[in-house]
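To start, the structure under review is shown below, and the notes come after it.
Sequence lines set the chain letters: A, B, ... in the order given, protein chains first and strands last, and positions in each chain run from 1. None of these values were measured; they are calculated from a predicted model.
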There are 2 protein chains.
Amino acid sequence: MRVSAKADYAVRAAAELAAAEEGPIKGERLADAQDIPLQVLEHILLELKHAGIVRARRGAKGGYWLARPAEEVTIADVVRAVEGPIAHVQSAPPESIEYRGNAAHLQEVWIAVRASLRTVLEHVTLADLVSGQLPSEVESLAAQPDAWVAR
Amino acid sequence: MRVSAKADYAVRAAAELAAAEEGPIKGERLADAQDIPLQVLEHILLELKHAGIVRARRGAKGGYWLARPAEEVTIADVVRAVEGPIAHVQSAPPESIEYRGNAAHLQEVWIAVRASLRTVLEHVTLADLVSGQLPSEVESLAAQPDAWVAR
DNA sequence: GCGCTCCTGACCAAAAAGGTCAGGAAAGTC
DNA sequence: GACTTTCCTGACCTTTTTGGTCAGGAGCGC
């Protein structure tokens, strides 16, 4: 249940692209802005490109930009592009697992876990992230003082 | 963002203990009931014991049982015992991370992610799991047909 | 043609995941 | 007290993942 460096990097780079006023942004500038090793970032951007989230052009004046408007790209899109499906259990999607005995209802719990992750990740767009105007459900989750303490 | 085999095993074994009518249950019986490799399960039960979730006795008539009533042990307790903190980002708790530039608000998003996981994992007890009577918030997440389809 | 920037695969070390092996230590039974 | 049962623990193993580096090729613009 952890967020990998790769996913974190990918979202941060996407946020920078979402905020870009004009023209392609060089990988190096993204790496500097977010303190990400350039060569790592290049691999990530390549995956984002293969997933259809960003576009790129080489050469002078080249760089990366979002393939779609920032309002239409969610954090879930970005995370899935680099990490694969969200909330798999033992590398299988929760809807495909059958539990026995007294754990029979565990499937519903993992489904609920995935659904709750989705309510956050699929509802926050890159535009929301850049502006800081998160959707109200997400805002209210983050607003609870409890949410900020470790357990 | 995936659930490891270990966490899945731990919750399933805990569910079996929660359902036990009386006396200590042997590791072997738990392993059989949930189809878990015995030696793997023994390591997991040891961790659960160190976390104060189960107790154990050796010898004939020995076995494992819950240290507290099943109504007072949440799935979050069990998962944390074997996987460590929920929803860490790059191995650090989200409240300790500072983001720069256009990713500044990403911290709030990860906080919200953790909070949403907690609303599920900290509210479902082992007793709920065994009976199938999940808390209403969790039930309604799992009841959405959408929640059952992959993306 | 030349410099710039993306593109790609190979490679690497360290850690985690998932599991097995082997032996020791307590609790009960005869 | 010997013996059996069951938990306890560390060592070990293989495979995959993670996080990162290196080196060279391919397209774009001037």
Worked verdict on A/Ile86 versus A/Arg118 for side-chain contact (heavy atoms from CB on, under 4.5 Å): CA-CA 8 Å; A/Ile86 287 166; A/Arg118 285 176 172 176; 5.6 Å; no

Derivation and outcome, side-chain contact (heavy atoms from CB on, under 4.5 Å), residues A/Glu122 and A/Arg80: CA-CA 11 Å; A/Glu122 290 185 349; A/Arg80 284 201 191 97; 2.6 Å; yes

Test log, rule side-chain contact (heavy atoms from CB on, under 4.5 Å), inputs B/Glu108 and A/Val124: CA-CA 11 Å; B/Glu108 289 161 59; A/Val124 178; over 6 Å; no

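When rounded to the nearest whole Å, the span between CD of A/Glu47 and P of C/dC7 equals 13 Å. In this structure, B/Ile44 atom CD1 and C/dT20 atom P are separated by 12 Å, rounded to whole Å. The distance from atom CH2 of A/Trp65 to atom P of C/dC6 is 10 Å, rounded to the nearest whole Å. If you measure from atom NZ of A/Lys6 to atom C1' of D/dT16, you get 13 Å, rounded to the nearest angstrom. Rounded to an integer number of Å, the gap from B/Leu41 CG to C/dT20 C1' is 14 Å. Whole-Å rounding puts the A/Ile36 CD1 to D/dT21 C1' distance at 16 Å. Atom CD of A/Gln39 and atom P of C/dA10 are 16 Å apart (whole Å). Spacing between atom CG of A/Leu45 and atom P of C/dT8 amounts to 12 Å, rounded to whole angstrom units.
Looking at residues 11-31 of chain A, you'll see A/Ile25, A/Lys26, A/Gly27 sit with a heavy atom under 4.0 Å from some atom of DNA chain C. Looking at residues 79-91 of chain B, you'll see that no heavy atom sits under 4.0 Å from any atom of DNA chain C.
For the pair B/Gln90 (side chain) and A/Asp8 (backbone), a donor-acceptor distance under 3.5 Å is absent. A donor-acceptor pair is defined here as one N or O able to donate and one able to accept, closer than 3.5 Å; no such pair exists between the side chain of B/Glu139 and the backbone of B/Gln133. For A/Gln107 (side chain) and A/Ile97 (main-chain N/O), a donor-acceptor pair under 3.5 Å exists by modelled atom type. The backbone N or O of B/Ala147 lies less than 3.5 Å from a partner atom in the side chain of A/Arg114, making a donor-acceptor pair. Between the side chain of A/Glu83 and the backbone N or O of A/Ser4, at least one donor-acceptor pair lies under 3.5 Å.
For the pair A/Tyr64 and C/dC7, the criterion of a side-chain N or O lying under 4.0 Å from OP1 or OP2 is met. Contact annotation: A/Lys49 reaches the phosphate of C/dC7 (side-chain N/O to OP1 or OP2, under 4.0 Å).
Nearest nucleotide to the side chain of B/Tyr9, out of C/dG19, D/dT21, C/dA22: C/dG19. Distances from the side chain of B/His50 to the nucleotides C/dT8, D/dC22, D/dT9 place D/dT9 closest. Here D/dC8 is the nucleotide among D/dT21, D/dC8, C/dC7 with the atom lying nearest to any side-chain atom of B/Leu46.
Between B/Arg2 and B/Leu38, the one whose closest nucleotide on DNA chain D sits nearer the 5' end is B/Leu38.
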Annotated protein contacts, base or backbone, on nucleotides 24-30 of chain D with a non-hydrogen cut-off under 4.0 Å, one of B, S, - each: -BBBBS-

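At a threshold of 4.5 Å between non-hydrogen side-chain atoms, the residues B/Pro24 and B/Lys61 do not count as touching. Two residues are said to be in side-chain contact when any heavy atoms from C-beta on lie closer than 4.5 Å; B/Thr74 and B/His123 fail this criterion.
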Hey, what are the protein-to-nucleotides 12-14 of chain C N/O distances that come in under 3.5 Å?
none

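Within 4.0 Å (heavy atoms only), A/Arg55 reaches no atom of the nucleic acid at all.
Under a 4.5 Å side-chain heavy-atom cut-off, the cluster of Ile, Leu, Val, Met, Phe, Trp and Tyr residues that includes A/Ile111 is completed by B/Trp148.
Crowding of B/Glu72 atom CD: a count of heavy atoms from other residues, nucleotides or ligands under 6.0 Å exceeding 12. The neighbour count for B/Arg29 CZ, taken as heavy atoms of other residues, nucleotides or ligands under 6.0 Å away, does not exceed 12.
Scanning atom types as modelled, no donor and acceptor separated by under 3.5 angstrom connect the side chain of A/His43 and the base of D/dG19.
A salt bridge does not link B/Asp32 with A/Arg100: none of the charged nitrogens is closer than 4.0 Å to a carboxylate oxygen.
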Throw together a table of side-chain donor-acceptor distances under 3.5 angstrom for residues 40-59 of chain A, partners on residues two or more places apart or in other chains.
residue, atom, partner, partner atom, Å
A/His43, ND1, A/Gln39, O, 3.0
A/Glu47, OE2, A/Lys6, NZ, 3.2

